[in-house]
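The structure under discussion appears below in the form of structure tokens.
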Number of protein chains: 2
Amino acid sequence: MDNNLNAFFAALSDPTRRAVIERLTQGPAPVSELHGGHDMALPSFLKHLGKLEAAGLVRSEKTGRVRTVHLEAAPLAAAEHWLHRQHRLWERRLDRLTALAETLEKESDHARFQDPDA
Amino acid sequence: MDNNLNAFFAALSDPTRRAVIERLTQGPAPVSELHGGHDMALPSFLKHLGKLEAAGLVRSEKTGRVRTVHLEAAPLAAAEHWLHRQHRLWERRLDRLTALAETLEKESDHARFQDPDA
DNA sequence: CTGTTACTTATCCATATGGATAACAATCTG
DNA sequence: CAGATTGTTATCCATATGGATAAGTAACAG
């Protein structure tokens, strides 16, 4: 699960591949359609699809001479989950810091009240 | 905002860098502490920190001879947001398909009712 | 002011990545 | 069957990436 994050994030670090993912949220599509609009030779484009599939973000089946590609939901959810977790831990920590700061501020007020000319 | 996603995801595609992020959710740390535990020469490790900082995931300040590194929340949130959006679009599409399937099923039942031996 | 600590900078190296072209294979279509 | 479609495989190439070592700078500590 953790090892996959390497391939997941690497796959998403390329704009061509993110565009493919975005397109696929509209539904499955054959390779040639996905390729259309990307200014790039087909074999080069196929390597991108290969990485997406290797990362498990996408799956494909071939029928006749057409290969149809579709999104795979689970990995998106997994990566999202990792990010969310880190984000949450970080925000929680900020909250604790804020709370601490407020505590210190109150104590500081109190001290000033007891010893105004400090 | 979109251009940053390249660097964001690329930064997260390496386990050393993800480990740094995870460590930093516990709070800021000096370079040497972050480096400890990673079996890697300091300059190599510094390149990882450099990428994290270039991606905006992390910031650092130097005081005396110590550089302290801390997490930057916003980019995590941005990447998380992109993933969430794609995930949502994809799930919404699955829902539409499910609905369509159910509709077809009902129509099919209806047809069978009118023409039971089909 | 000498030594130690904590980075920094400069190179170097092997492999990975993103791109291209050329040639091949396997369907359809007429 | 002949030809066009739709991928696929095999190379090749330039640059990026992840690692290393060596040497340098900038604070402290004594």
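Reckoned from all heavy atoms, side chains included, excluding hydrogens, waters and symmetry mates. Keep in mind that this is a model prediction, so the values were computed, not measured.
- Side-chain atoms of A:Arg65 and base atoms of D:dT6 include no donor and acceptor less than 3.5 Å apart.
- Computed from coordinates, the B:Leu34 CG to C:dA6 C1' distance equals 13 Å when rounded to whole Å.
- Linking Ile, Leu, Val, Met, Phe, Trp and Tyr residues whenever their side-chain heavy atoms come within less than 4.5 Å leaves B:Leu89 and B:Trp82 in two separate clusters.
- At least one donor-acceptor pair closer than 3.5 Å links the side chain of A:Arg17 to the backbone N or O of A:Ala10.
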- request: Decide yes or no on side chain to side chain contact (heavy atoms under 4.5 Å, CB included) for B:His70 and B:Glu61, but give the supporting numbers first.
  value: CA-CA 9 Å; B:His70 61 91; B:Glu61 293 91 30; 3.3 Å; yes

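- The NE2 atom of A:His38 sits 18 Å away from the C1' atom of C:dA20 (whole-angstrom rounding).
- The base of D:dA20 sits with one of its N or O atoms less than 3.5 Å from a complementary donor or acceptor on the side chain of B:Ser44.
- Distance CG (A:Leu46) to P (C:dG19): 13 Å, rounded to an integer number of Å.
- Look at NE2 on A:His35: it is 14 Å from C1' on D:dT8, rounded to the nearest Å.
- The residue among A:Val66 and A:Leu42 whose nearest nucleotide of DNA chain C is located toward the 5' end is A:Leu42.
- With rounding to whole Å, B:Leu49 atom CG is found 12 Å from D:dG19 atom P.
- A:Arg23 has its side chain within reach of A:Glu33: a pair of non-hydrogen atoms, C-beta onward, lies under 4.5 Å apart.
- Between B:His35 and B:Phe45, the ring planes lie tilted relative to each other; the angle falls in the 30° to 60° range.
- Within the 4.0 Å cut-off from OP1 or OP2 of D:dA26, not a single side-chain nitrogen or oxygen of B:Lys62 is found.
- When rounded to the nearest whole Å, the span between CE of A:Met40 and P of C:dG18 equals 10 Å.
- Rounded to whole Å, atom C1' of C:dT17 lies 10 Å from atom CG of A:Asp14.
- A:Ser32 has a side-chain polar atom (N or O) that falls below the 4.0 Å cut-off from OP1 or OP2 of D:dG7.
- Contact annotation: A:His48 side-chain N/O to C:dT17 OP1/OP2 distance is not under 4.0 Å.
- Within the nucleic acid shown, B:Lys47 comes within 4.0 Å of at least one base atom, counting heavy atoms only.
- In this structure, of C:dT21, D:dG18, C:dG18, it is C:dT21 that holds the atom nearest to the side chain of A:Pro43.
- Regarding A:Arg67, its CZ atom lies at a distance of 12 Å from the P atom of C:dT27, rounded to whole Å.
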